[in-house]
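Scroll down for the structure; my scribbles are underneath it.
Numbers here simply count residues along the sequence, with the first being 1. Computed from a predicted model, the values in this text were never measured in an experiment.
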Amino acid sequence: MIIGLTGGIASGKSTVSQMMGDWEIPVVDADVIAREVVEPGHEAYEKIVQAFGRGVLHDDGTLHRKKLGSIIFNDEEKRKKLNSIVHPAVRGEMKKQRDDLLSAGHPHVVLDIPLLIESELEYLVDRTLLVYVDAGTQLKRLMARDASSEDEARSRINSQMPLDEKKTRVDAVIDNSGTVKETRNELTGVLKSWGIG
């Protein structure tokens, strides 16, 4: 089974992702792949340099994320251009890693994709699992994690699809508002209901 794991900022998706190791289920992480595909030598890196020029590089030739971020932040067309380069590269690498793990004999694989629903990538997986927290807990955790003000934290949370909306579009929900033990118990329940473990 291919499980699509998703969540929101400060919802605890990484915690649940790590817990998958208890079941020896390998995790393919979209965020890690997104960093790898834009490294020198990769096709996406070459396309970014062609599209945005060498001004988005550090002196050592690696991608200057802040410079690139400031270019695309206020320019919808340039953001679309960047996404049209990076997203297919990430999807391709995720599929490759997923298929390699299945070929190696793993019966289950987790695809950890923060924007699973927003990017309409449900077709890549058999079941979808959302790590959920209530709005108050999400705000408190984000402020504590990033030492950000309430306004900054709210702004970042509001830039994402609300977790309450995501809840209606997944196969199962793990409420991570409580303790780690409670979250682990919920995950165990979901996996067992899916015939895992």
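- Under a 3.5 Å cut-off, the side chain of Ser70 and the backbone N or O of Lys67 do form a donor-acceptor pair.
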Q | Candidate pair Arg54 and Val49, rule side chain to side chain contact (heavy atoms under 4.5 Å, CB included), full reasoning | A | CA-CA 6 Å; Arg54 301 197 65 80; Val49 175; 3.9 Å; yes

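- Val86 has its side chain within reach of Ile48: a pair of non-hydrogen atoms, C-beta onward, lies under 4.5 Å apart.
- Without hydrogens or angle criteria, Glu152 side chain to Ser149 main chain gives a donor-acceptor distance under 3.5 Å.
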Q.
What verdict does the side chain to side chain donor-acceptor pair (under 3.5 Å) test give for Ser103 and Asp100, after you've listed the backbone C-alpha separation in whole Å, the side-chain angles of each residue and the deciding distance to 0.1 Å?
A. CA-CA 5 Å; Ser103 298; Asp100 288 350; 5.4 Å; no

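- To the nearest 0.5 Å, atom NE2 of residue His64 and atom CD1 of residue Ile71 are 10.0 Å apart.
- Contact record, Thr183 with Asp175: OG1-O, 4.0 Å, taken as the closest heavy-atom pair.
- When the shell of 6.0 Å around CG of Asp59 is examined, it contains 12 or fewer heavy atoms from other residues, nucleotides or ligands.
- Using modelled atom types, no side-chain atom of Arg156 and backbone atom of Ile9 make a donor-acceptor pair closer than 3.5 Å.
- Taking each heavy atom of Tyr132 and Asp164 in turn, the nearest pair found is OH-OD1, 2.8 Å.
- A donor-acceptor distance shorter than 3.5 angstrom exists from the side chain of Asp126 to the backbone of Ile2, with no hydrogens or angles considered.
- In this structure, CG on Leu142 lies 10.5 Å from OG on Ser11, to the nearest 0.5 angstrom.
- Side-chain atoms of His106 and Ile25, non-hydrogen and from C-beta on, never get closer than 4.5 Å to each other.
- Taking the side chain as every heavy atom from C-beta outward, Val109 and Leu102 approach each other to under 4.5 Å.
- Side-chain heavy atoms closer than 4.5 Å link hydrophobic residues (I, L, V, M, F, W, Y) into clusters, and following such links, even through other members, never connects Ile3 to Val125.
- Put simply, the side chain of Arg98 gets close to the backbone of Leu124: a donor and an acceptor are under 3.5 Å apart.
- Of all heavy-atom pairs spanning Ser17 and Asp112, the tightest one is OG-OD2, 3.5 Å.
- Listed here is the closest heavy atom pair of Ala51 and Lys81: CB-CE, 3.8 Å.
- Between Leu5 and Leu111 the shortest side-chain heavy-atom distance does not fall below 4.5 Å.
- Residues Ile174 and Leu130 have side chains not in contact (no heavy-atom distance under 4.5 Å, counting atoms from C-beta outward).
- Using a 4.5 Å heavy-atom cutoff, the side chains of Leu68 and Arg65 are not in contact.
- Atom CD of Glu24 is surrounded by 12 or fewer heavy atoms from other residues, nucleotides or ligands within 6.0 Å.
- Judged purely by atom type and a 3.5 angstrom limit, Thr128 uses its side chain to pair as donor or acceptor with the backbone of Asp171.
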Q | Worked verdict on Thr188 versus Met19 for side chain to side chain contact (heavy atoms under 4.5 Å, CB included) | A | CA-CA 10 Å; Thr188 303; Met19 287 178 184; over 6 Å; no

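- Between Glu43 and Lys47 there is a salt bridge, since a side-chain N of the basic residue sits under 4.0 Å from a carboxylate O of the acidic one.
- At least one donor-acceptor pair closer than 3.5 Å links the side chain of His108 to the backbone N or O of Met1.
- Side-chain atoms of Glu150 never come within 3.5 Å of backbone atoms of Met143 as a donor-acceptor pair (strictly under, hydrogens ignored).
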**Q.** Criterion side chain to side chain contact (heavy atoms under 4.5 Å, CB included) on Arg141 and Arg145, from CA distance to verdict
**A.** CA-CA 6 Å; Arg141 286 183 184 169; Arg145 188 188 83 185; 5.9 Å; no

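- Under a hydrophobic-cluster definition in which Ile, Leu, Val, Met, Phe, Trp and Tyr are linked whenever side-chain heavy atoms come within less than 4.5 Å, directly or via other members, Ile72 and Tyr45 are assigned to the same cluster.
- Follow the hydrophobic side-chain contacts under 4.5 Å out from Val37 and you reach Leu57 in the same cluster.
- Side-chain atoms of Thr137 do not come within 3.5 Å of backbone N or O of Val133 as any donor-acceptor pair.
- Looking at Asn158, its side chain does come within 3.5 Å of a backbone N or O of Arg154 through a donor-acceptor pair.
- Remark: the Gln97 side chain and the Glu93 side chain contain an N/O donor-acceptor pair separated by less than 3.5 Å.
- At least one side-chain heavy atom of Lys78 sits under 4.5 Å from a side-chain heavy atom of Phe52.
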**Q.** Residues Glu165, Ile117; criterion side chain to side chain contact (heavy atoms under 4.5 Å, CB included); working and verdict
**A.** CA-CA 10 Å; Glu165 188 179 332; Ile117 295 163; over 6 Å; no

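- The two atoms that bring Pro40 and Gly61 nearest to each other are CG-O, 3.9 Å, heavy atoms only.
- Tracing side-chain contacts under 4.5 Å through hydrophobic residues (I, L, V, M, F, W, Y), one reaches Val190 starting from Val180; they form part of the same cluster.
- Looking only at side-chain heavy atoms (C-beta outward), Leu129 and Thr6 stay at 4.5 Å or farther from each other.
- Hydrophobic clustering of Ile, Leu, Val, Met, Phe, Trp and Tyr side chains at less than 4.5 Å, counting indirect connections, keeps Val131 apart from Leu116.
- Taken from CZ in Arg91 to OG in Ser119, the straight-line distance is 7.5 Å, to the nearest 0.5 Å.
- For the pair Gly8 and Leu163, the tightest heavy-atom approach, listed with the atom from each and the gap, is N-CD2, 3.5 Å.
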